[in-house]
There are 2 protein chains.
Amino acid sequence: MNYVTIKDVAQEAGVSVPTVSQVLNNRGRISAATRQRVLDSAKKLDYIPNSAAISMRSSSTKTVGVLVPDINNSYFAYLISLITREFLASGYVCLIGSSSESLEGQDKFLHSLLTQRIDGAILVPQGTASHGLQKFVASGLPLVILDRKVKELADGGRIPIIDADPRPGITAAIEKVKSQGHSRIGFVHGPTSKSPNLLERQQVFIEVAGSQVGSPNAIVASHVSALSAIKDLLSRHVTTFIFGYSPDALEAIRYFHHIGLNIGEDVSIVSFDDIPIFELASPSISVISQQQKLMGNYGVATLLSLMEQRLRGEQQGESFDNLRIPTVFIDRESVGIR
Amino acid sequence: MNYVTIKDVAQEAGVSVPTVSQVLNNRGRISAATRQRVLDSAKKLDYIPNSAAISMRSSSTKTVGVLVPDINNSYFAYLISLITREFLASGYVCLIGSSSESLEGQDKFLHSLLTQRIDGAILVPQGTASHGLQKFVASGLPLVILDRKVKELADGGRIPIIDADPRPGITAAIEKVKSQGHSRIGFVHGPTSKSPNLLERQQVFIEVAGSQVGSPNAIVASHVSALSAIKDLLSRHVTTFIFGYSPDALEAIRYFHHIGLNIGEDVSIVSFDDIPIFELASPSISVISQQQKLMGNYGVATLLSLMEQRLRGEQQGESFDNLRIPTVFIDRESVGIR
DNA sequence: CTGTTAGCGCCTTCAG
DNA sequence: CTGAAGGCGCTAACAG
């Protein structure tokens, strides 16, 4: 079961090999008659191009890499499905990798991306940059960083960074909460205190909530575990909880349920990240959405343009600003009247 | 930023191109001195092999395709992370696709797999076989079908099918339920009545539960919506619910919560598929696990051996039995004493 | 308008 | 033990 080659098609159509290539790529001037004959033969033999051969000549593989922290996180699973769909539509194939595995596994993945001569990659980096990641970035490939910034990877603006601006969402959430009569608001930071994103969310909370309900009523709890943070806030008579990290919110929902507090009545909550379960939960959970769809779309569009630019042989002159997508507050049932 | 080629390495090491190839592939007899010199040059220049060039000669791309129904389903997300990790460890890169999108999108993905000259694929097919899927299967590539059988794709045993045997799990679940004093057990089939898997689960339930608690007490509810099925079963004084499809169980949990029935006390439930949320829920949900990890491992191992076999030029003689992995009952908190 | 020539990066004979 | 020649499938440049 060897694949049909362009040569087989040429033979079948009674023309030379390059002629077939011309026809299939709409290059050069070919008579309508020959053209049709070639097309017929190709279809008849079910010719399928060999992308390896094509990329050898074109120095473009029509392949991109996508690295996320964890495929098993529905937030990233959604991002992946979004990204792969868009790239597929533009004729690109995606190689997916997850860094949740060992650093070793991640570096192996990145190396295989290089081996595959990918045209570019979208990275959602996590924590500190591994050696492999730094080498990867240094390769000069068209790259887009999504959702998180890693300062180790900063490269003087060569690499576009697209992430979410927490301020609009937090502001809207706090306004809503306040309008419902809540005056003591807690922010749960949870255990993953290293992420710059999470730190920023906390920072913005302190500013915004402080000015809305007064600093003493805007309380941040950042303990070793989310649970202890929640208990701490409860003991300090907080009536609304804002979660910067969605797994913490899930933990809180379980805990409140466990101790018999009704969400939306006894206690109000808002979480970052609009993952599906929040919409399906009862009561449904109000969220500060990162607009991942927009983020994914921008990311793909940006990478596509970077890759095209390089294909045309242009030097990448411009340096990129950090594109920030505003978060939006999605009001559901978990914020009740005080 | 052109890539370093074997030629560059040869030049740097002061040897010919084939010599470098020999060294890098541990072929032929090369003196230790030259060998070392070549290795040093390769490392110094940071040589990264071009897999396109390699695959052109070897007719092996070290690439496999993976098609799942929906990446956004955590069951499949987990399967993907499992599969990609294993393949990566064996030197293969995975191309991931989801058929949840349009049939058109799926066929486009499958076509691009062919274009990429993948060495094999793991398929978790869904519903009826599209034209593209049938053509794909007809290509004769090494294939493994996971988790679901699609009769349209049956090919006289050429393609190994690995799925789960629902009987052991269902049997254990019903024994447990019975030992807790429950005597009326309902099975919720839900809306997706087309899947052969779901039909089999129902079939086995009828047999096993029928013989354990008597046919009149083993009630199947298969309505247009899971919710109406649940209500129906409630009205018929069922005290234990078994769900063949995990999204239905999630819906039930919400509903029971909504109407104030306590799971594990007022009502007991068991669901198929051990997705993370069941373990984290409170009370945690007892499940009939498909042992996806085992299934994934077997699938990968089987495909690897099929691909190796073909690489060695062997005809695939044997035909495969349908390998069935026993389901297991994982007892948690959602089954209470009656 | 179509065929010839050459070469992408690599590996496999086969001479030397 | 090492180098020279040829070819995998495809396309760009040039002849005819």
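Chain letters run A, B, ... following the sequence lines, proteins first and then strands; every chain starts at 1.
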Whole-Å gap separating [atom2] ([N]) and [atom1] ([X]):
X	N	atom1	atom2	answer
Met56(A)	dC11(C)	CE	C1'	12 Å
Gln22(B)	dT13(C)	CD	P	11 Å
Ile48(B)	dC10(C)	CD1	P	11 Å
Lys62(B)	dC10(C)	NZ	P	17 Å
Leu24(A)	dT2(C)	CG	P	14 Å
Arg35(A)	dC1(C)	CZ	P	12 Å
Gln11(A)	dG9(D)	CD	C1'	15 Å
Asn26(B)	dC11(C)	CG	P	12 Å

Answer whether the closest heavy-atom distance between the side chains of Val38(B) and Gln22(B) falls below 4.5 Å. no

Checking contacts here: which listed nucleotide ([options]) is nearest the side-chain heavy atoms of [X]?
X	options	answer
Thr34(B)	dG3(C), dT2(D), dC1(C)	dT2(D)
Ala53(B)	dA12(D), dG9(C), dG3(D)	dG9(C)
Thr5(A)	dT11(D), dC11(C), dG9(D)	dG9(D)
Asn50(B)	dG9(C), dG3(D), dC11(C)	dG9(C)
Ile6(B)	dA12(D), dC10(C), dC10(D)	dC10(C)

Does CD in Gln11(B) sit with more than 12 non-hydrogen atoms of other residues, nucleotides or ligands closer than 6.0 Å? no

Can you tell me which residue among Lys44(B), Gln36(B), Arg37(B) is in a side-chain hydrogen bond (donor to acceptor under 3.5 Å, both in side chains) with Asp40(B)? Gln36(B)

Please tell me if [X] has a side-chain N or O lying less than 4.0 Å from either OP1 or OP2 of [N].
X	N	result
Ser31(A)	dT2(C)	yes
Tyr3(B)	dC10(C)	no
Thr19(A)	dG3(C)	yes
Asn25(A)	dT11(D)	yes

I'd like to know if the side chain of Ser112(A) pairs up with that of Thr115(A) as donor and acceptor (distance under 3.5 Å, no hydrogens or angles considered). no

Could you tell me whether the side chains of Ser31(A) and Thr34(A) share a donor-acceptor contact shorter than 3.5 Å? yes

Could you check Arg117(B) against Gly14(B) and say which one's nearest nucleotide on DNA chain D is further toward the 5' end? Gly14(B)

Distance-only donor-acceptor test (3.5 Å): side chain Arg57(A), base dG7(C): yes

Could you tell me whether Val20(A) contacts a base, only the sugar-phosphate backbone, or nothing, with contacts defined as non-hydrogen atoms closer than 4.0 Å? nothing

